[in-house]
Amino acid sequence: MKQVKFLVFADLHHYPGVFFTDACKKLEVIMKRAEDEKVDFAVSLGDFNHSVGTFTEIMEDIKKYSVPLYHTMGNHDTDGAALEEVLKAYNMPKEYYYFDVNGFRFIVVDTNYYGHAGGQTHFQYRNYFDFPKTRETLPQEEMDFIADALETAPGPCVFFSHASLERHPLGGSGIYNQPELREMIRKANEKGRKVMLSCNGHHHRDNIRILDNVAYFDVNSASFDWLSIPHNHYPEDLCKAYELADHEVIFEAPLSAVVTLSDDGTIKIDGSKSTYLHGVTREMSSNPVCDGAGRPCVAEIQSACFKLM
């Protein structure tokens, strides 16, 4: 039986002076866990660094760790830098790509395109804010790439993406061509188990859902939950030091998960728990308790163990 073991985390949001995340310290804890657990690799599910050219310290920190770290492109990763600059900094061969480990294929999906003028444009320098209704639309070229990656895979496949491939595009903020992708996955699995698991970040929520015998893992943020409506529960000096701290519910300890996959369909997830900074929870703010998909804010990533049929 073939197995693979990896660590996954999401939405670290290194943005000094804007978000209070202690991202460098959190990354150190996360990667130390990866080393202690002797995982095959670690993966960031996007929104790692808001400007790779400006905030270079965390990019230097990456070089210290012995565990390979793969990156997924998040919407905020290109807010302060060009796409090509981010790809180079993250050592990504392209915005979407795949790699094989122990007979498993890991397909890194780039969900950061918006539909415009009959085509798709990649997120860059916050251009996507002007196109909220067509955000997260995969271009046909990427859909073709995914189809080929599935067809040629040596064994079971895992998707890594920033935006969810499971959430409904209307209300749940999933990708807009989700129905086509889900149908592609269903047909691939009809030929034998192709896709076991899909992991995403972006939504800062913890959830596992099984659809068509595929596990979809909504991976919580390593750092915080975002609030549209600010609160006034943090100390004044914290809010002065970090511009958007009053829009955060901050997790004190970094969240990550260690995932072990077996080619017989077994998925084991070892999550993590945190506490809230200064005890401030989402319920204490004026924001809805749940997001558009009905998922509440929790300071944890759940653990689970199950076997796909």
Side-chain angles (χ1 to χ4, degrees), residues 7-16 18-31 33-34 42-50 55 58 69 71-77 79 111-112 136 160-167 172-174 198-209 216-231 234 242-259 269-278 280-285 287-303:
L7 180 143
V8 63
F9 67 95
D11 299 276
L12 193 64
H13 286 285
H14 185 51
Y15 203 0
V18 180
F19 287 139
F20 180 73
T21 59
D22 263 346
C24 291
K25 292 181 180 178
K26 280 187 167 68
L27 179 64
E28 184 175 6
V29 174
I30 289 169
M31 294 306 291
R33 183 186 186 192
V43 61
S44 164
L45 293 174
D47 285 359
F48 182 81
N49 187 348
H50 281 242
F55 310 126
I58 200 166
L69 175 60
H71 285 272
T72 307
M73 192 68 68
N75 57 298
H76 290 299
D77 287 302
D79 278 358
T111 58
N112 302 287
E136 287 83 37
F160 295 135
S161 66
H162 187 56
S164 172
L165 307 184
E166 164 264 327
R167 286 169 174 251
S173 301
S198 179
C199 303
N200 69 270
H202 188 46
H203 308 282
H204 297 225
R205 288 295 183 270
D206 171 55
N207 193 73
I208 299 172
R209 185 183 183 194
Y216 291 86
F217 186 15
D218 208 350
V219 179
N220 205 351
S221 167
S223 303
F224 67 93
D225 184 30
W226 166 258
L227 303 175
S228 298
I229 304 170
H231 64 81
Y234 287 144
Y242 299 93
E243 180 184 345
L244 294 179
D246 59 351
H247 282 270
E248 295 179 82
V249 167
I250 299 165
F251 308 145
E252 291 194 285
L255 298 180
S256 64
V258 172
V259 180
I269 298 171
D270 293 308
S272 52
K273 293 186 178 183
S274 181
T275 53
Y276 295 100
L277 183 67
H278 296 297
V280 178
T281 66
R282 189 178 181 91
E283 287 80 358
M284 295 167 62
S285 76
N287 294 268
V289 173
C290 296
D291 67 4
R295 296 172 188 176
C297 168
V298 292
E300 69 175 293
I301 294 177
Q302 65 185 293
S303 295

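Ring geometry for H50 against Y15 counts as parallel: the plane angle stays under 30°, on a 0 to 90° scale with 60° as the upper cut. Ring geometry for H14 against F55 counts as perpendicular: the plane angle is over 60°, on a 0 to 90° scale with 30° as the lower cut. Aromatic ring pairs are classed by plane angle as parallel below 30°, tilted from 30° to 60° and perpendicular above 60°; the pair Y242 and F20 is perpendicular.
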- Start with the C-alpha gap between M284 and H231, add the side-chain angles, then the distance that decides, and say whether side chain to side chain contact (heavy atoms under 4.5 Å, CB included) holds. CA-CA 8 Å; M284 295 167 62; H231 64 81; over 6 Å; no
- Carefully, step by step, assess V219 and F160 under the rule side chain to side chain contact (heavy atoms under 4.5 Å, CB included). CA-CA 10 Å; V219 179; F160 295 135; over 6 Å; no
- Would S228 and N287 satisfy side chain to side chain contact (heavy atoms under 4.5 Å, CB included), going step by step from the backbone distance to the final call? CA-CA 7 Å; S228 298; N287 294 268; 4.0 Å; yes
- Message: Determine whether L12 and T21 satisfy the following criterion, side chain to side chain contact (heavy atoms under 4.5 Å, CB included), listing intermediate values before the conclusion.
- Response: CA-CA 7 Å; L12 193 64; T21 59; 5.9 Å; no
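No donor-acceptor pair under 3.5 Å is formed between the side chain of D246 and the backbone N or O of Y234.
Here the shortest heavy-atom pairing between F9 and S256 reads CB-CB, 4.1 Å. Taking both residues in full, the closest heavy atoms of F224 and I250 are given as CB-CA, 4.0 Å, listed atom of the first, atom of the second, then distance. Across every non-hydrogen atom of L165 and S198, the tightest pair is CD1-OG, 3.5 Å. Here the closest heavy-atom approach between residue A34 and residue L7 is recorded as N-CD1, 3.8 Å. The heavy-atom pair separating K26 from F251 by the smallest distance is NZ-O, 3.3 Å. Nearest heavy-atom pair, L69 versus S44, reported as atom, atom and distance to 0.1 Å: CD1-N, 3.9 Å.
Ion pairing between D218 and R209 fails under the 4.0 Å rule for side-chain N and carboxylate O. One finds no salt bridge joining R295 and D206 here, because no Lys/Arg side-chain nitrogen approaches an Asp/Glu carboxylate oxygen to under 4.0 Å. Salt-bridge formation is detected for the pair R167/D291: a Lys NZ or Arg NE/NH1/NH2 atom is positioned less than 4.0 Å from an Asp or Glu carboxylate oxygen.
Side-chain contact between R33 and P254 is absent, with no heavy atoms from C-beta onward closer than 4.5 Å. Residues S272 and E300 have side chains not in contact (no heavy-atom distance under 4.5 Å, counting atoms from C-beta outward).
Under the side-chain hydrogen bond (donor to acceptor under 3.5 Å, both in side chains) rule, H162 has a single partner from N75, D77, T72, N112, which is N75. For the pairing with W226, the ring pair (Phe, Tyr, Trp, His ring centres under 6.0 Å) check across H13, H204, H247 returns one residue only, H247.
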